2 protein chains.
Amino acid sequence: MSLIVQKFGGSSVADAKSVKRVAQRIVDARIAGHDVVVVVSAMGDMTDDLLDLAAAVTDNPEPRELDMLLTAGERISMAVVAMAIRSLGYDARSFTGSQAGMITDAQHGSARIVDVTPGRVKEALAEGAVAIVAGFQGFNRSTGDITTLGRGGSDTSAVALAAALGADVCEIYTDVDGIFTADPRVVANAQKIDRITSEEMLELAASGAKVLYIRAVEYARRHRVTLHVRSSFNNNEGTIVYNPTEGQKVEEPLITGVAADLSEAKITVAGVPDVPGKAAQIFTIVAEANINIDMIVQNVSSAGTGHTDISFTLPKAEGAAALAALTKAESDIGFASLAYDDHIGKLSVVGAGMRSNSGISAKLFTALYEAGVNIDMISTSEIRISVILRDDQVNDALRRVHTAFGLDSQEEAVVHGGTGR
Amino acid sequence: MSLIVQKFGGSSVADAKSVKRVAQRIVDARIAGHDVVVVVSAMGDMTDDLLDLAAAVTDNPEPRELDMLLTAGERISMAVVAMAIRSLGYDARSFTGSQAGMITDAQHGSARIVDVTPGRVKEALAEGAVAIVAGFQGFNRSTGDITTLGRGGSDTSAVALAAALGADVCEIYTDVDGIFTADPRVVANAQKIDRITSEEMLELAASGAKVLYIRAVEYARRHRVTLHVRSSFNNNEGTIVYNPTEGQKVEEPLITGVAADLSEAKITVAGVPDVPGKAAQIFTIVAEANINIDMIVQNVSSAGTGHTDISFTLPKAEGAAALAALTKAESDIGFASLAYDDHIGKLSVVGAGMRSNSGISAKLFTALYEAGVNIDMISTSEIRISVILRDDQVNDALRRVHTAFGLDSQEEAVVHGGTGR
């Protein structure tokens, strides 16, 4: 017998029929002898509906009240999932984030979990009940207020509970069969990955793979929680995201997967005086505007001019704010011009095997060259290489690179739609 | 400056537009210099929608989970009302029943308030904010669970908060202009009552008047809270429900209002042995089946037979259960037959002036006689006379009695639709 945390996203509990199917799945795990804690997101489009309601009332909803509003979503889904389990003859009790002890900081809309004290969840388990916990929500002790964890929050709730309870596995149920070597909607013969380290998963998630959210993977990595990403629509094994122990012999594929990200834009600050501290000045200004930067490239100084260009990528949504902050500081920095390009894409190749293998970048650049793709920027980590290219070339390049690294399957993957939170 | 508690029902906050109108109304009270605490119900049909969702998942929803589900409704309305107030430039903070200190017993679905500890509400007021409190919901200390107060619960929440905070008045906003001398949908020239004692209001509510719920009026009477029942669609003065102090000279109209109730049925237990203890036996059996009885009539024993008939009225919804309980005890009680009649109606005349005036019943019976109405049962309190008659005669009788007691106005009342909770 083991303790399993199961997380079901919004598309898995979209209506009464789905709720009943999920309840049966939970009961199956009970029948198999496991203790089960369930984390649920809001049903289907509920969160979007609540956001629409807030937008109809005010242009600028107060963050505390927005959290109060949005947390009604999981309250509904957790209560009906608990009811559905009870109607199958099994004990079940629902708990809000606050009742389940999900203690966070006070940052409404993107709170961070600072402690998990799941006393009532443990009690319920001890009494043989399934505990249903609202995902995405928490509670700040000093203000006494309800908070939400931001995008991907329910995944994080599930991982945090799994860590606090010492669960054997945290199952993340979604509408796809697991993590793939590439997005199957783009690369038709992408393969499901059976096992992946959390380190690789983190790089894939940061590179644009959408199935798991970065914060949840980070949490799982830090607290050594094993994840099992699988479909709520079938009983297939999904992808195990694991944390190898120190010295554990891990079979490291050269390349685990490739990913694309079309959500970024590029800003080039041109004609920057090539004197020490200029780059620091620019990125301090950008950081103070709360903008997250991804890749940075500083060109070598044009011979004799004493000036250089600095380019960086950032989320498109933050482009306007970054331009405004830089323009305001134009005379301080002393640059010649600003250029904004939102037709870029990022292609990343991730694999722990890279650490002990040279020649990966050569292979990547060759594949891109043969596809007639120009590389604009390059960034690397120990187990990832990312390149910036034109956005309309990304999908084709992804397929070519997938093939070049021998990731293609013989069969086409089955693709479902939808996203979770 | 005074402290006002304002309660808005579901029809007053049915959509974003209504929410904004309510927010403006609340802000107007702030501008007038008052401290304001607002109690809201769930928006429009939200509660019914949630009940439908529960019914789609299970035939028999667990009461604890049903409360968890339904309380999502007020959470939504209170958050958007708070947002709307803030967008008008005024501070507002929403609180769940639990955050507002509405402590109840553990009876899910019909919990009773046992204590009100509104510390956070007082804090918000002290800081100049409007406090928005979820109606209908509370919190049980020993289980740590969320509860709901049952029908009319939001009225009760508002009155309980007004009592705990020592508010000057508790304004109950609804979709009618106040309390009328009769239901204006039936009696076209019913008049709005300007002032009514809580004792009379209690009798009217118990007699079928729907605007205020009995439990809320009882609470207001016990804790001496002044109510102001008024429309959220205009600025007219509504009806003041007050608690006269001991010895206060109250101008007592002979008759305050008339009310009808078509929700009851009658059971007649015929041929009951006329020996001591039989009535007690019958009503013990009925009480043990959790059935609420209204009126009781025991006929004089038919001469020489040693048997009598006992009739009582009860909510139609409980008729089947009562018949089953009595049938099961047939040999114990030793009655001859059971009759069930669900085509009855109750007509009540209420007025504190009755206490010092005889002749009210004569006037009532005369009016009914002239209308060709047969009276089946009669029951009286100090300030009320109720009669049972055929259901299809109730509306006509109501109009005749309204006229007979001089309650008719010269103008016809304006009628809105809808009900609150």
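Treat the numbers as computed from the prediction; the structure is a model and nothing was measured.
Heavy atoms of other residues, nucleotides or ligands lying less than 6.0 angstrom from CZ of Arg112(A) number 12 at most. Counting non-hydrogen atoms of other residues, nucleotides and ligands closer than 6.0 Å to CG of Asn236(A) gives a total above 12.
Looking at Ala23(A), neither its backbone nor its side chain comes within 4.5 Å of chain B, counting heavy atoms on both sides. Interface remark: Ser18(B) contributes no atoms to any contact with chain A (heavy atom separation under 4.5 Å). Both the backbone and the side chain of Leu66(A) have a heavy atom closer than 4.5 Å to some heavy atom of chain B. For chain A, the nearby part of Val19(B) is the side chain; its heavy atoms alone come within less than 4.5 Å. For Leu50(A), the part lying under 4.5 angstrom from a heavy atom of chain B is the side chain only. For Arg120(B), the part lying under 4.5 angstrom from a heavy atom of chain A is the side chain only.
Note that CG of Asp145(B) and CD of Gln99(A) are 6.0 Å apart. Values are rounded to the nearest 0.5 Å. In this structure, CE on Met68(B) lies 5.5 Å from OG1 on Thr96(A), to the nearest 0.5 angstrom. Rounding to the nearest 0.5 Å places CG of Asp49(A) at 9.5 Å from CD1 of Ile76(B).
Counting heavy atoms from C-beta outward, Met83(A) and Leu69(B) have side chains that approach closer than 4.5 Å. Here the side chains of Leu53(A) and Met43(B) are in contact, with some heavy-atom distance below 4.5 Å. With a 4.5 Å cut-off on side-chain heavy atoms, Arg75(B) and Ile146(A) count as touching.
Most heavy-atom pairs under 4.5 Å with chain B, from the set Ala54(A), Ala72(A), Pro61(A), Ala56(A): that is Ala72(A).
The closest donor-acceptor contact from the side chain of Glu62(B) to the backbone of Ala92(A) lies at 3.5 Å or more, if one exists at all. Side-chain atoms of Arg64(A) come within 3.5 Å of backbone N or O of Ser94(B) as a donor-acceptor pair.
Here the closest heavy-atom approach between residue Ser87(B) and residue Val57(A) is recorded as OG-O, 4.2 Å.
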